[in-house]
Protein chains: 2
Amino acid sequence: MRATTIHAPFDIRIEEVPDPVVQHPTDVVLRVLRACVCGSDLWAYRGESERRPGQRIGHEFLGVVEEVGAGVTGFAPGDLAVAPFVWSDGTCDYCAEGLTTSCPQGGFWGTPGSDGGQGEAVRVPFADGTLVKLPADAAGDDRLLTALLALSDVLGTGHHAAVGAGVTAGSIVAVVGDGAVGLCGVLAAKRLGAERIIALGRHPARTDIARAFGATDVVAERGEAAVAAVHELTKGQGAHAVIEAVGTEQSMRTAVSVVRDGGSIGYVGVPHGSGGGLDLGVMFDRNIALRGGVAPVRTYIPQLLPDVLDGTLDPSPVFDLAVGLDGVPDGYRAMDERTALKVLVKP
Amino acid sequence: MRATTIHAPFDIRIEEVPDPVVQHPTDVVLRVLRACVCGSDLWAYRGESERRPGQRIGHEFLGVVEEVGAGVTGFAPGDLAVAPFVWSDGTCDYCAEGLTTSCPQGGFWGTPGSDGGQGEAVRVPFADGTLVKLPADAAGDDRLLTALLALSDVLGTGHHAAVGAGVTAGSIVAVVGDGAVGLCGVLAAKRLGAERIIALGRHPARTDIARAFGATDVVAERGEAAVAAVHELTKGQGAHAVIEAVGTEQSMRTAVSVVRDGGSIGYVGVPHGSGGGLDLGVMFDRNIALRGGVAPVRTYIPQLLPDVLDGTLDPSPVFDLAVGLDGVPDGYRAMDERTALKVLVKP
């Protein structure tokens, strides 16, 4: 089959790789219908996260079950299913509690020995624990299929940030990061009943989506001016809940600066530059909580799925460029140059 | 009157200072019956927190109301009352929400222009917002008076750590720090229904108190060995809730190492060496939350007071040395050298 590989920074290729087959009784082989490129893939693309030359890439996909291991009970060939960005066994203590990302048997798509999502097919380990079945008729609805794909990562990750930030009915929320996760954070905050959602961002194409998703205010300023603008909107106090969806020291510093005393930062941006943006002395004096991390989206998919299926939750606008498998390298380039927000892949 | 002053590192004196008087209608003058020395006073004592020469010190006290401003409605001369370690107006948004430490009119005892707790009397600003009345007959019960004094800081701070760590019925809790706050954290965790409480500490006098307060296990090892011991006790997973009651980089590193994936660190040790002990990458991968800060003990006093009054919550054993005002310099020395756990002052 053909799949995406990364050979060096900025060197993404589409290559012939071995067809996936069932290796363990709990495996399923899934034919990929939709995949996409994640903001976190760009860390590898830019060489900031190391990869072995030729390693697979891509961790967001949905598709049709093609082959089923003898030990799989929940799936049959022909089933439509979505995969979270981490596989998990579904049976350990952590999976039972919903923290599927801490499953000792879990792993990330594209790590050596596993398939990546940006390819024609994927061997899915622990399929019963990992995959979530989707209604078969969704396969014929292009818009819905795109929305469902967001369940594999960005929608669940935005939701995790909103939960970590402690968003409840009536909250004032600030969202740091105008990428797909930040925008899904807006959607999630709206769904959880936030009264006011302040999106920080300067790109009209993105802030327009933020407004469509429920942002009540947009702050286009940067740095100190952005902090001042958020304070201006919040009686000088800041936001109860801050969604941090970038992961840089600067974004964490902004998050600390715009959160209200006693509030929480829900952080889901993969941290780069460990801890440097956190002034623990400031957080201590102001009782600011930090809660989040890698999102256990497997747990959130069943919670969010009904709202996606009935259309009340529609993250599909975050995908603004669609490519075939051959277009994936261009897709990375477009996201790296910020000419695309999020690239949909139709293998 | 006589009060404690600090002139330079390790230079604590008892000096004659102006008698406090009502300066604002919302003031009360309180004659101090009991005060104490806090672990956080040692940061100033050791010169790690700057103080002006001659500045007052001490932020934990209870006493009898002596003089009352015209605007005070809740107190009359003769009332017994305890002060939290921060004064607050009781009327702002933050006070209304219980985050009294963020009151814009709040302040710390001993800051220039205010009295410190380690003296004969204190002018209490915003007395209605700040003080909490105690039953008059407690004044005749030495053990009870000592227990009630802990409400001014260490008991409420230990409780704040337990709340921040998310302790609930059935939790496995680890406590980093064997000072008075850590020990009060044990008490608070027990009160909140923790099933297992692992106290980290090497000093038998302190770990004996921890056991008496409800610790089910004591880990006397340090560093890596301590982490291994906690994992040994917890199926290799760590504690759901970790109370961090020290504030150094090392203690924060230990807290991160002993917390279970998805767990929380309730931090109340005043941070020294900002953020260095926090590896945000590890916290992200393991979904570890950090929640705490300067404890709004004014809010906790009414919640904890009934249990202290009926004896179900008795923090008095943390006080292991009692001095008069003249003995305060010796008290600092004893705490600095760890020959005393917590020094009670009877002016």
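Naming convention: chains lettered A, B, ... in sequence-line order (proteins, then strands); numbering from 1 in each chain. The figures that follow rest on heavy atoms only: side chains count, while hydrogens, waters and symmetry mates do not.
- Both the backbone and the side chain of A/Val270 come within contact range of chain B, with heavy atoms under 4.5 Å apart.
- In this structure, B/Arg46 places its CZ atom where more than 12 heavy-atom neighbours from other residues, nucleotides or ligands lie under 6.0 Å away.
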Apply the test side-chain contact (heavy atoms from CB on, under 4.5 Å) to residues A/Leu99 and B/Arg260: give CA-CA distance (whole Å), side-chain angles for both, the deciding distance (0.1 Å), then the verdict.
CA-CA 11 Å; A/Leu99 193 65; B/Arg260 189 174 185 270; over 6 Å; no

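- The environment of B/Glu232 atom CD is sparse: at most 12 non-hydrogen atoms of other residues, nucleotides or ligands sit within 6.0 angstrom.
- Here the CG atom belonging to B/Asp261 is positioned 11.0 Å from the CG atom belonging to A/Asp93, to the nearest 0.5 angstrom.
- Contact annotation for A/Gln237: both backbone and side-chain heavy atoms come within less than 4.5 Å of a heavy atom of chain B.
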Which is it for A/Met252 and B/Leu280 under the side-chain contact (heavy atoms from CB on, under 4.5 Å) test, yes or no, and what are the steps along the way?
CA-CA 11 Å; A/Met252 198 58 97; B/Leu280 210 53; 3.6 Å; yes

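- Only the backbone of A/Ile288 comes within less than 4.5 Å of a heavy atom of chain B; no side-chain atom from C-beta onward does.
- The contact list for residues 101-112 of chain B toward chain A, using heavy atoms and a distance under 4.5 Å, reads B/Thr101, B/Ser102 by residue number.
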Given B/His160 and A/Asn287, is the side-chain contact (heavy atoms from CB on, under 4.5 Å) satisfied, shown in steps?
CA-CA 10 Å; B/His160 191 53; A/Asn287 269 280; 2.7 Å; yes

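- Ranked by heavy-atom pairs under 4.5 Å with chain A, the list B/Ala295, B/Gly293, B/Gly164 is led by B/Gly293.
- Closest of all the heavy-atom pairs between A/Phe284 and B/Tyr267 is N-OH, 3.3 Å.
- Ranked by heavy-atom pairs under 4.5 Å with chain B, the list A/Pro296, A/Gly269, A/Gly98 is led by A/Gly269.
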